[in-house]
Visitor: 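If you scroll down you'll find the structure; I have some questions about it.
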Amino acid sequence: MKRFFTLVLLSVISLSAGFAISLNQLHIVADDGTYLGSFENRYSSNSVYNEYGDYGSKYSSKSIMTETHTAGCR
């Protein structure tokens with residue numbers, strides 16, 4: 001969860017620094033290259049905001065939204 005907020009903070013800083021980028025274009029990738037989702041709308045199957053999708057569900061092993069998140073960890 002800490003990584004998630006770090007990514008959001010970096011996104012906001014980048015946006016305020018003059019880099020025009022849509023949040024829909026941002027993808028979360030772990031240090032080991034594991035894809036962990038995107039910042040798309042809540043209906044996208046890849047979105048961390050979709051509570052029923054693989055990357056947003058608190059029950060999915062691929063999601064960063066779980067208390068016991070291990071996806072992308074070594």
Side-chain angles (χ1 to χ4, degrees):
M1 199 59 141
K2 186 175 181 180
R3 286 185 189 173
F4 175 74
F5 291 116
T6 301
L7 287 172
V8 172
L9 178 62
L10 289 174
S11 300
V12 171
I13 291 170
S14 296
L15 291 172
S16 64
F19 299 105
I21 186 168
S22 168
L23 289 180
N24 289 341
Q25 298 172 355
L26 296 177
H27 298 276
I28 306 167
V29 180
D31 291 339
D32 67 358
T34 304
Y35 181 76
L36 299 175
S38 68
F39 289 105
E40 296 175 60
N41 66 55
R42 67 183 183 156
Y43 302 107
S44 171
S45 61
N46 291 332
S47 177
V48 295
Y49 301 121
N50 181 345
E51 62 187 54
Y52 303 105
D54 286 341
Y55 302 104
S57 170
K58 62 183 178 180
Y59 304 108
S60 174
S61 62
K62 295 179 182 179
S63 177
I64 62 172
M65 300 301 203
T66 64
E67 291 282 329
T68 58
H69 168 68
T70 58
C73 298
R74 294 183 200 176

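We're numbering straight along the sequence, starting at 1.
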Visitor: Taking all atoms of both residues into account, what is the closest heavy-atom pair of V48 and L36, and its distance?
Guide: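 Closest pair (atom of V48, atom of L36, distance): CG1-O, 3.8 Å.
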Visitor: With under 30° as parallel and over 60° as perpendicular, where do the rings of Y49 and F39 fit, or are they tilted in between?
Guide: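 Aromatic pair Y49/F39 classed tilted.
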Visitor: Only counting residues at least two apart or in another chain, list the ones meeting side chain to side chain contact (heavy atoms under 4.5 Å, CB included) with N50.
Guide: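 Testing N50 for side chain to side chain contact (heavy atoms under 4.5 Å, CB included), a comparison that skips the adjacent residues, returns S47, Y52.
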Visitor: Would you say N41's side chain and S44's backbone share a donor-acceptor pair under 3.5 angstrom?
Guide: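 At least one qualifying donor-acceptor pair exists.
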Visitor: Please report the closest heavy-atom contact between G56 and S63, naming both atoms and the distance.
Guide: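 Here G56 and S63 meet closest at C-OG, 3.6 Å.
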Visitor: Locate the shortest heavy-atom distance separating K58 from M65; write the atom from each residue and the value.
Guide: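 Smallest heavy-atom distance, with atoms named: CB-O, 4.0 Å.
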Visitor: Would you check if the side chain of S60 reaches a backbone N or O of Y55 as a donor-acceptor pair within less than 3.5 Å?
Guide: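 Flag not set: sc S60 to bb Y55 has no pair under 3.5 Å.
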